[in-house]
Amino acid sequence: MRFVNPIPFVCGINRSREFYRDRLGLKVLDDFGNFVLFESGFAIHDGRSLEQTVWRTSPDTDKPYGRRNLLLYFEHEDVDAAFRNIASHVELTHPVERQAWGQRVFRFYDPDGHAVEIGEPLAQPNE
């Protein structure tokens with residue numbers, strides 16, 4: 001068995017696809033309408049349809065799915081350029097900061113309130 005990826009539920013699939021494609025620069029690999037797979041392996045799914053598929057029930061609300069209990073992590077070679085491109089379009093948690101382990105990151109919320117972190121690539125142990 002191998003872990004593939006989490007799939008965040010979103011309440012506005014078109015809005016979220018555009019956000020991740022246009023703002024974060026992810027390339028859409030497949031778009032099935034209610035499910036979007038990006039080249040990196042990251043995916044989003046329309047929450048209403050996924051709840052119906054998995055739990056055979058539909059939500060009785062259109063509230064965003066983000067609960068501030070999961071962090072979606074991405075890396076970018078130029079974290080400062082990513083910050084300049086993204087910061088004015090999101091609710092920031094904080095600007096670019098150096099973490100205790102030395103990595104520079106910034107954090108914000110996507111359109112559904114999912115926490116997102118963009119960090120510079122971590123050096124691998126053998127580098």
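With sequence neighbours excluded, the residues that form a side-chain hydrogen bond (donor to acceptor under 3.5 Å, both in side chains) with Q99 are R107.
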Verdict with supporting geometry, V36 and Y20, side-chain contact (heavy atoms from CB on, under 4.5 Å): CA-CA 10 Å; V36 179; Y20 284 100; over 6 Å; no
Criterion salt bridge (Lys or Arg N to Asp or Glu O under 4.0 Å) on R104 and D80, from CA distance to verdict: CA-CA 9 Å; R104 295 177 65 241; D80 295 306; 2.7 Å; yes
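Closest non-hydrogen pair, L92 versus A87, comes out as CD1-CB, 4.0 Å. Residues P8 and A43 approach most closely at CD-O, 3.1 Å, considering heavy atoms. In this structure, Y65 and E51 approach most closely via the heavy-atom pair OH-OE2, 2.8 Å. Heavy atoms only, all atoms of each residue included: D112 and G12 are closest at OD1-N, 4.1 Å. The two residues S49 and N34 come nearest to each other via the heavy atoms OG-ND2, 3.2 Å. Nearest approach of F74 to L26, heavy atoms of both residues: CE2-CD1, 3.8 Å.
Hydrophobic clustering of Ile, Leu, Val, Met, Phe, Trp and Tyr side chains at less than 4.5 Å, counting indirect connections, keeps V54 apart from I7. F83 is connected to V116 through a chain of hydrophobic side-chain contacts under 4.5 Å among Ile, Leu, Val, Met, Phe, Trp and Tyr, so both are in one cluster. In the hydrophobic clustering of this structure, F106 groups with L70; members are Ile, Leu, Val, Met, Phe, Trp, Tyr whose side-chain heavy atoms approach within less than 4.5 Å, directly or through other members. Under a hydrophobic clustering in which Ile, Leu, Val, Met, Phe, Trp and Tyr are joined whenever their side-chain heavy atoms come within less than 4.5 Å, directly or via other members, I44 and L50 fall into different clusters.
Counting only heavy atoms from C-beta outward, the side chains of P121 and E77 approach each other to under 4.5 Å. Residues V105 and H94 have side chains in contact (heavy-atom distance under 4.5 Å, counting atoms from C-beta outward). T93 places none of its side-chain heavy atoms less than 4.5 Å from the side chain of E117. Under the 4.5 Å side-chain criterion, counting only non-hydrogen atoms from C-beta, F108 is in contact with I118. Put simply, the side chain of L29 does not reach to within 4.5 Å of the side chain of F38, judged on heavy atoms. In this structure, the side chains of L24 and F42 stay at 4.5 Å or more apart for every pair of heavy atoms.
Atom-to-atom distance recorded for S58:OG and Q52:CD is 4.0 Å, nearest 0.5 angstrom. Atoms CD and NE2, from E120 and H76 in turn, are 12.0 Å apart once rounded to the nearest 0.5 Å. Of the inter-residue distances, the one linking L72 atom CG with N5 atom CG reads 10.5 Å to the nearest 0.5 angstrom. For the atom pair CG (L37) and NZ (K27), the distance works out to 14.5 Å, reported to the nearest 0.5 Å. Rounded to the nearest 0.5 Å, atoms CG (N85) and CG (D78) are 11.0 Å apart. The structure places CG of D46 at 14.5 Å from CZ of F32, a figure rounded to the nearest 0.5 Å.
Formation of a donor-acceptor pair under 3.5 Å by the H114 side chain with backbone atoms of P64 is not found in this model.
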